[in-house]
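Keep in mind the model is a prediction, meaning the values are calculated, not measured. Letters go in sequence order (proteins before strands), and every chain restarts at 1.
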Amino acid sequence: METLSNLASGFQVALDPYMLAICLIGVTVGTLVGVLPGIGAMAAISIALPITYHMDTTAALIMLAGIFYGAQYGGSTAAILLNLPGTATNAVTCLDGYPMSKQGRAGVALFMTTITSFVGGCIGIVLMIGFAPALSRFALSFSSAEYFSIMLLGLVAASTLSVGSPLKGLAMVVMGIALGLVGIDVTSGHPRYTFGVIRLMDGVNLLALGMGLFGVAEILNNLGKPTQQLKAGSVTLRSLLPSREDWKASVMPTVRGAAIGSGVGTLPGTGPGIAAFMAYAVEKRVAKDPSRFGHGAIEGIASPEAANNAAVQAAFIPTLSLGIPGDAVIAILMGAMLIHGIVPGPQFITSHPDTFWGLIASFWIGNVLLLILNIPMIGIWVRILTIPYRLLYPAMLFFVCVGVYAMRNNPFDVYLTMLFGGIGYFMLRFQYPAAPLLLGFILGPLMEEHLKRALQISRGDFLVFVDRPISAVFLVATLLVFAFTVKPAVMRALSRRSRAES
Amino acid sequence: MGTRRGMLTGMVLAATLSLVGGAGSAIAQDKLDLATIVVGFPPGGGTDTTARIVAEKLSGTYADSVIVENRPGAGGRIAAAYVKDCPTDGSCMLFTPAFPLIIHPHLYADMPFDTLNDFVPVATTHFGVLALSVGPGAPESIKTLEDFLNWAKENPDQASFGGPVGGSQHFTGILLSNASGVDLELIGYPGGAPSVTDALGGHIPAVITPMAEVLPHAAEGTLRILAATSKERSKLAPDIPTFTELGYDIVVQDWSGFLMPAGTPAEVVERANAAISSVVETQDVIDRMGELGMEAQPTSVADFAKVLPESYAKYGKIIEDNNIEVQ
C-alpha cells in the first residue's frame, strides 16, 4: 500500500511537463546513439553529463537514465539491418536479426525487438519496485565484509560468464584491477603508481578509459573496413506486423529472457551484455530444433532483447540500494549522482524519496515513450543509418573529446582517452574483451577498500568473511560459479588423460 | 524580483565599497569586465555551491560578470596550482576549503605550490565545525564524551572511529587520543557519507564528520553527537557541548575562503575582501549557506592573513608530533 502511494507521488514528479520533456529528450537521445553503431550509452551519457550540472538532480537523473535504457531499444536496429550491433549489448541480436532481415522480415524483427524490449523493461521495473527499497532497508546491516563478498561474486561471475575465452576475460579483469590501483589509497592515504604525476593522484579517469576502449577503439576499428551502408527506405510500416506464429513463438522466450535479465542484472558486476548472451544460450538449449538458430529464429531476438532491457532496469537495484555499480555505464551514472550531491547507498531511498520514486515512474513513462518512438517512427531511425561514416565518425570523435574534457576541464584526460583508444583497437583486433577490464577497474578498488576496512574493523581476523552468514553465502556462491565454469575444462583434461593412459 | 534584489544588493555593495575603497570614481575604474572563481572540486558539491552563491552576487559589482570554473583533481591541489600562475589584477581567485593548502603540504612530498609564498589570503566565507558522534555500534549507555572515552579504554579492541585518512577528522581523533590518553583507531573512508552509513549500521562505534552531516541523524535519534570542535557552541546546534567545555583543548575549525596569486596589489585584495564580505553578510546568503550546514563568517584581510599561517603551522605541528607520514 505504501509502495502504491510512493509510486503515485513518483508519477506526480515524473508527469510534470518539464520532467516529461526531459525524459523524452533522454530516451530520444538514447535511441539515437543506440541506433548509431560504435557510439553507445557511455559516450552519450558522458557528453550529456556537463549539461546536467545545473539541472535539478531528479531531472538530471531522469535524462541520463533515459539515455541508458533508450540505447538498448535503438541498439537492435543496426544489428538487424546492418549486422552491426548499435551497442555492445545488442551483439547477440545480430545472430538471428540479420538473417531475418535478409529473408525480408526486417520489419517483423524490428517490431518484435521493440515489444520484447518493452516487456523486459517493465518486468525489470516491477522487480526494482519490489526489491530496491527492501534491499536498502536490509543493506544497513551490510558491513564491509558483505560488500567485499558480493563484489567478489560479481567479478568472478562476470569474468567467467563472459563471451569468448574465459582466460582472456580473466586476464582483462586483472588488468582492470591493476589500472584501478593507480591513485591515492583510501585506507592509508598513500599515492600508488602515480610516478609523481599529480594528474594521476585521483587515478585513471573512468570516462577516459571507457570512451577510449569503447568509443575511440570502435571508430579506429571501423576505419579500415569496407563501408556497409544502408539504402534508405527498406522498412515500411506494413512490413512491421508479425504473424500469429511469430507472436506465439515469442511469448515464452520473452518471459524467460526477462527472468534471466532481471536475475543477472541484479547481480553487481554483470550488466545487460552478459544477460543477453545467457538468454540466447538458454533459448538455444530449450529449443526443439536448435539448428534454426543463426538462420533467423525469432526466439533468438525476442529473448536476448527482453533480457538486456530487464537487466538495464534491474542494474539500478544494487546501484541505488547498495551503491555498487552494475556495469561501466551505470558507474558513470553513479558518478553523476555524486556530482549532484546524492550518495547512492542504503540511505538514498529514505533521504531522497522524491528522486527515487520519480526516477522509477519516469522509467515507466520512458518505456512507453520508447514504444511510440520505435514503432510508428522506425523509418526515421532507419534513415539515420544512411548518414555516411565520413561525416559521422569525425563528429563522434569531436564529441568524445569535448565530453571528456568538459568533465574536469583537463586536457590530460583527452590524451588518456586517445591512448586507451589505441590500446582498445589492439584489444579488439586480438579479441580481448573490454567489458571485463572496465569491470575490474570499477570493482577492484571498491573491493580492496572494503577488504581492508573489514580487516581493520575485525583487527586483522580473516574469519570475519565466513563468520558473517550473508558474507559466507556469497562466498559459497562464488565458489559454485567458479567450479561450474572450470568443470568443463577439468573434465576435458581428465578424459584426455584417461584416453592417453588406455 | 531577482533583478530587483540584485540591484538592491548592488546598491548596498556600492555604498560599502565607497566607504572602504575611497572615492566612487576610483571604484568605477577598478571594476573588472570578467572575474573567475576557480574551484578545485566538481560542480554540485558544497564548495562549488558556495562559490556559485557568492559569484552570483558579485556579478555586476566586483566585475561585470563573475564565473565559477571547476578544476577538480588531487583533492583541490590542481586548482590551487592553477591559480598560483594566474594574472594578479584581481580577475582570478581560488575558492577552497583549507585542507589542500594547510594539511597537504605536510603530508605530500610533491607539492605544486607553496602555500605561504604563492598566495595572498583575501576573504573567508565560513569556518567548518566537526563533531564526534556515536551510533548503534556503541553501547546505548554512552551519552557523553566521558562515557565514550571510558568505554574505549575498557574495550581497546573496539575503540575506533570512521573518517578520511589525512583529513582534519583524522587529526581531531589523534588530538583526542593524545589529550585523553585513550587509543582510538582510525577506520579510513573516502568521504563523510559512507562513514556515517557504517556508523548508522553499527559497523563502527563512532564517527568524526562535519557537523552538518550528522545533524539530521541526531534529530532522528539514530546517532548521538557527543562533542563539537568549535571554539564556541555552534549556532546550528546550540545543545552540543564543545571539546573545550568538556576539558579537552581541541579546537578544529578550518576556514573556507578566497585567495589570489602572490603579487596581487593590496588595494585589489582589499576591494575584493570588501565585496565578498558584504555578500557573505547578506541575509539571503546566510540563509542559503545555513541550509548547507555552514555558518557564514567573513573576516578582514588582516585577520585572514593571521589565520592562514597559524592554521598551516598548527597542522604541521600535529603531523610532526605524531609522526604521521604519507609520502
- prompt: In a check of side chain to side chain contact (heavy atoms under 4.5 Å, CB included) between B:Asp198 and each of A:Pro346, A:Ser144, A:Ser143, which one passes?
  reply: A:Ser144

- prompt: Around A:Tyr405, counting heavy atoms of other residues, nucleotides and ligands shown, do more than 12 lie under 6.0 Å from its OH?
  reply: yes

query: Hey, which residues of residues 201-214 of chain B are touching chain A, say heavy atoms under 4.5 Å apart?
result: B:Gly201, B:His203, B:Ile204

Atom group of A:Leu200 that falls short of 4.5 Å from chain B, counting heavy atoms: neither

- request: Please report the closest heavy-atom contact between A:Val343 and B:Ala193, naming both atoms and the distance.
  value: CG2-CB, 3.7 Å

- request: Name the region of B:Tyr189, side chain, backbone, both or neither, that has any atom closer than 4.5 Å to a heavy atom of chain A.
  value: both

field: Heavy-atom neighbours of A:Phe399 CZ exceed 12 at 6.0 Å
entry: no

query: How would you list, in number order, the residues of residues 446-457 of chain A that have a heavy atom less than 4.5 Å from chain B?
result: A:Glu449, A:Arg453, A:Gln456, A:Ile457

- request: Test side-chain contact (heavy atoms from CB on, under 4.5 Å) on A:Ile184 and B:Tyr108 and set out the steps.
  value: CA-CA 11 Å; A:Ile184 288 182; B:Tyr108 298 104; 3.7 Å; yes

- prompt: Closest heavy-atom contact between B:Pro156 and A:Arg459?
  reply: O-NH1, 3.1 Å

- request: Quick one: pull up CG in A:Asp461 and CG in B:Asp157 and give me the separation to the nearest 0.5 Å.
  value: 11.5 Å

- prompt: Which of the residues B:Glu69, B:Arg77, B:Arg52 is involved in the greatest number of heavy-atom pairs with chain A at under 4.5 angstrom?
  reply: B:Arg52

message: Is it the case that atom CG in B:Asp183 sees more than 12 heavy atoms from other parts of the structure closer than 6.0 Å?
response: no

- prompt: Does any heavy atom of chain A fall under 4.5 Å from the side chain of B:Ala159, the backbone, both, or neither of them?
  reply: backbone

